[in-house]
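Reviewing the structure listed below.
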Amino acid sequence: MTRTLITSALPYINGVKHLGNLVGSQLPSDVYARYCRAIGHEVMYICATDEHGTPAELAAKKAGQGVEEFCTQMHEVQAELARGFRLSFDHFGRSSSPQNHKLTQYFAGRLAENGLIEEVSEKQVYSNTDGRYLPDRYIEGECPNCGFADARGDQCENCTKQLDPTDLINPRSAISGSTDLEVRETKHLYLRQSKLRDTLDKWISTREGWPVLTTSIAKKWLHDGDGLQDRGITRDLDWGVPVKRGTQEWDGMQGKVFYVWFDAPIEYIAATAEWAEANGHEPAEWQRWWCTDKGADDVNYVQFMGKDNVPFHTLSFPATIMGADDNWKLVDYIKSFNYLNYDGGQFSTSKGRGVFMNQALDILPSDYWRWWLLSNVPESSDSEFTWESFQSGVNKDLADVLGNFVSRITKFCRSKFGEEVPAGGVYGAAEQAVIDQINARLASYNANMAAMEVRKSAADLRAIWAIGNEYLQAAAPWSLFKTDPEASAAIVRFALNLIPLYAALSQPFIPDAAQTMGEAMNVDLSWPQDAAEALQTLTAGHSFSVPEVMFAKISDDARDEMESRFAGV
RNA sequence: GGGCCUGUAGCUCAGUUGGUUAGAGCAGAGCGCUCAUAACGCUUUGGUCGCAGGUUCGAGUCCUGCCGGGCCUACCA
């Protein structure tokens, strides 16, 4: 059996994510996971919250909570939203889990043994008022170059010049505004990625068929300037994975934690261990997904992420895996996405601009969002959410093409033959033509799904839905019924059989509607191998029910109302 | 500054290794149908493929330059 391991980039813990975050990794990975399961792969689909780092601590402080309490609460919020959007994770973990602590420390220990960790003493800005070290961008001051008053320690937004925090005139904490800052000497661990540069370069260069977005970002980092730089993997923070060398203390590193970008990807593995523990499995059950010497050699591993995550997944994490030199499973394919913009600009949490996951579910069911977002996923370039486009996609594709098809044929059957599949008549050339058309589209759909071409898959699916309406229009069972009820019955029987077929094929995109269709037609859904065979599912006498309206249309008034509600300030 | 991506019909996008009349959905127009969520079907109007050169028998596709949009640039994650 084909085994597929799928991970979605980890959403950061500090708040509810917007639709752009959702469509950039979780939603397309869910479609792929559902597809793989449907065609019979053994699937492990993993996601988790990314809980460490300065922003999490600040968000907790703002919420008046301890960081652990805050993360626990926000994890549950995000887990609930994931369920709301029907994200079918096998496990939705937490990067703060004991499993991740252990594994992260283990990897650091292995990397140290293999000479890939370097201790570096460096100068960092410490804020006495805030009681913490400040990352560069949390220090603000006057730009020495252009005089801009609110330049950040890493770069001046006004003149775009790269800065060092010590360059700033009258530096202050961006958190408290305090000017009681001092420069302290502190020791950190660096991952010597530069030693693995040639290995990584060779690896990236030999990846066949990866998205250009993925490889070009990796190559840029590998070859820019002096090439791949070593990277600090520890921080002076309280919340995080304590720095240890495996299970041993690390001299001089007490009180420090690993940097979030070191431990976050390791959580993919740790979350699978969490899954095993949560389900009462032996460790061997997760190891067979991740350890190539323990059964993972035949696993196909696919990662989904937005383009901002690419450097970490093409370089840092592979460096960790390769550097550990320990039979860990390396990724086979990285599917990366561009950004979704909102109505001519960016989504903005602070400005309340755009739709966030919780708001979306308050407005409309998840299938509506899934369909539009997936059929407009930013695959080749950034794409844009507009209410007009959303309304059009929902009303035309879901309500008119699919929903109305189900509605018209089930209601017609009910009124003329009752709520069971009618007997009589035979199929002819028209039915064979439909079978041929569907088989051709099905082949395309399968190929695009396997290739993770999400937009093209959505277009294929829609085309398959449309075939039903074309057939009914041409066959016109309502006219034929007056002169030849038997012939009409055959058409109705054939058309009704399209519903379970559509339901099965639609599952990855709109799982709730697919289930509704399956239940209405009283069948278990299975992925069709061949349309001719699949369209024999419902036989004469099979009972069904007419489903409620599956997709309500979005009115112009409702659209306008939402457009102004989410425009931001 | 550097790097990458991108510019195709009013809108959103397809266009495989350069090969005959550049495609789809939506929007617009006309016709048809009446089973259905005023739904559906058929037909149809829109494009000197950002601009200017070049290579070639042949360029939306390759090369150069210019113009516009976006992203990244390593301590936000």
Side-chain angles (χ1 to χ4, degrees), chain A residues 9-14 50 52-56 58 122 124-125 133-139 152-155 160-162 164-165 174 188 193 211-213 215-221 223-225 228-232 235 259-261 264 306-312 315-316 338-339 341 346 375-376 378-384 386 388-389 391-393 395-416 453 455-456 458-459 462-463 466 468-479 481 488 491-492 495 546 548-553:
Chain A
L10 310 186
Y12 197 64
I13 193 71
N14 66 343
D50 176 13
H52 299 137
T54 307
L58 297 178
E122 58 187 18
Q124 283 258 304
V125 174
Y133 282 91
L134 298 176
D136 291 355
R137 66 174 49 200
Y138 284 100
I139 303 159
R152 293 191 318 203
D154 55 343
Q155 187 178 39
T160 73
K161 188 178 167 64
Q162 305 271 335
D164 190 272
H188 282 294
Q193 300 183 128
V212 178
L213 186 63
T215 51
S216 66
I217 292 174
K219 284 176 182 169
K220 158 75 168 160
W221 281 53
H223 300 295
D224 192 41
L228 188 61
Q229 301 297 298
D230 294 341
R231 195 173 180 104
R235 291 290 183 273
Y259 177 41
V260 53
W261 261 112
K307 56 187 167 185
D308 52 333
N309 277 334
V310 168
F312 303 98
L315 304 169
S316 310
N338 287 282
Y339 291 146
N341 290 317
Q346 296 187 333
S375 53
N376 293 279
E379 247 163 354
S380 56
S381 62
D382 290 356
S383 65
E384 187 158 346
T386 65
E388 194 180 346
S389 174
Q391 177 194 31
S392 167
N395 289 0
K396 290 302 299 182
D397 300 347
L398 296 180
D400 294 346
V401 177
L402 177 62
N404 183 54
F405 170 77
V406 173
S407 183
R408 68 194 293 202
I409 187 59
T410 52
K411 285 182 179 172
F412 179 73
C413 184
R414 181 173 63 184
S415 73
K416 305 300 184 197
E453 292 281 358
R455 271 186 188 238
K456 289 179 183 173
R462 187 192 188 280
N469 284 315
E470 291 163 16
Y471 168 71
L472 272 188
Q473 197 64 34
W478 47 88
S479 315
F481 182 76
S488 180
I491 293 164
V492 169
V546 175
E548 297 296 312
V549 168
M550 293 198 300
F551 302 101
K553 291 200 184 191

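Convention: sequence-line order gives letters A, B, ...; per-chain numbering from 1.
Of the two residues contacting RNA chain B, namely A/Trp221 and A/Leu213, the nearest-nucleotide position lying further toward the 5' end is that of A/Leu213.
Side-chain proximity of A/Ala399 to the nucleotides B/rU37, B/rA74, B/rC76 is greatest for B/rU37. Checking B/rG70, B/rA77, B/rC13 against every side-chain atom of A/Asp382, the shortest atom distance belongs to B/rG70. Closest to the side chain of A/Lys307, out of B/rU37, B/rA14, B/rG70, is B/rG70. Among the nucleotides B/rC75, B/rU37, B/rG41, the one closest to any side-chain atom of A/Glu122 is B/rC75. Between B/rU34, B/rG25, B/rC76, one nucleotide has an atom nearer to the side chain of A/Pro135 than all others, and that is B/rC76. Of the candidates B/rC75, B/rU37, B/rA77, the closest approach to any side-chain atom of A/Met550 belongs to B/rU37. When distances are taken from the side chain of A/Asn469 to each of B/rC40, B/rC75, B/rC26, the shortest belongs to B/rC40. When distances run from any side-chain atom of A/Lys553 to the nucleotides B/rG32, B/rA39, B/rA77, the shortest one goes to B/rA39. Listed candidates were B/rA39, B/rC76, B/rC35. Nearest to the side chain of A/Arg408 is B/rC35. With B/rA77, B/rA14, B/rU37 as the candidates, the nucleotide lying closest to the side chain of A/Lys456 is B/rA14.
Counting non-hydrogen atoms under 4.0 angstrom, A/Ser375 reaches nothing in the nucleic acid. Note on A/Val260: only backbone sugar-phosphate atoms sit closer than 4.0 angstrom, heavy atoms only; bases stay farther off. A/Thr410 comes within 4.0 angstrom of nothing in the nucleic acid, heavy atoms only. Residue-level contact check: A/Glu470 touches the backbone only, with heavy atoms under 4.0 Å from sugar-phosphate atoms and none from bases. Residue A/Ser415 is out of contact with every strand shown, counting any heavy-atom pair closer than 4.0 Å. Using a 4.0 Å heavy-atom criterion, one finds that A/Lys396 contacts the sugar-phosphate atoms exclusively. Residue A/Asn376 is in sugar-phosphate contact alone, with no base atom involved, counting any heavy-atom pair closer than 4.0 Å across all strands shown. Looking at heavy-atom distances under 4.0 Å, A/Phe481 makes no contact with the nucleic acid at all. Using a 4.0 Å heavy-atom criterion, one finds that A/Phe312 contacts the bases of the nucleic acid, with or without backbone contacts as well. Backbone-only engagement by A/Asp50 is indicated by non-hydrogen atom pairs under 4.0 Å involving sugar-phosphate atoms exclusively.
With a cut-off of 3.5 Å on both pairing distances, the Watson-Crick and G-U wobble pairs of RNA chain B assemble into stems of 3 or more at B:1-7 with B:67-73, B:10-13 with B:23-26, B:28-32 with B:40-44, B:50-54 with B:62-66.
Using a 4.0 Å cut-off, some side-chain N or O of A/Tyr259 falls inside it from OP1 or OP2 of B/rA77. Within the structure, a side-chain polar atom (N or O) of A/Ser380 is placed less than 4.0 Å from OP1 or OP2 of B/rA14. Contact annotation: A/Lys411 side-chain N/O to B/rU37 OP1/OP2 distance is under 4.0 Å. Not one side-chain nitrogen or oxygen of A/Arg414 sits closer than 4.0 Å to the OP1 or OP2 atom of B/rC35. Remark: A/Arg455 is not in phosphate contact with B/rG25, judged by side-chain N or O atoms under 4.0 Å from OP1 or OP2. Close to B/rC75, at under 4.0 Å from its OP1 or OP2, lies no side-chain N or O of A/Tyr133.
In this structure the side chain of A/Arg408 reaches within 4.5 angstrom of the side chain of A/Asn469, judged on heavy atoms.
For a distance-only test at 3.5 Å, the side chain of A/Gln391 fails to qualify as a donor-acceptor partner of the base of B/rC26. For B/rA39, the base has no donor-acceptor partner in the side chain of A/Asn404 [N/O atoms by modelled type, under 3.5 angstrom]. The base of B/rC11 lies outside donor-acceptor range of the side chain of A/Glu388, with no N or O pair under 3.5 Å.
By the 30° and 60° cut-offs, the orientation of the rings of A/Phe312 relative to A/Trp261 is parallel.
B/rG69 shows a glycosidic angle more than 90° from 0 and is accordingly assigned anti.
The aromatic ring of A/Phe412 does not sit over the base of B/rC35, since the test of centres under 5.5 Å and planes under 30° is not met.
Between the A/Glu384 side chain and the A/Asn341 main chain, no donor and acceptor come within less than 3.5 Å of each other.
When all heavy atoms of A/Ala552 and A/Val549 are compared, the pair lying nearest together is N-CG1, 4.2 Å.
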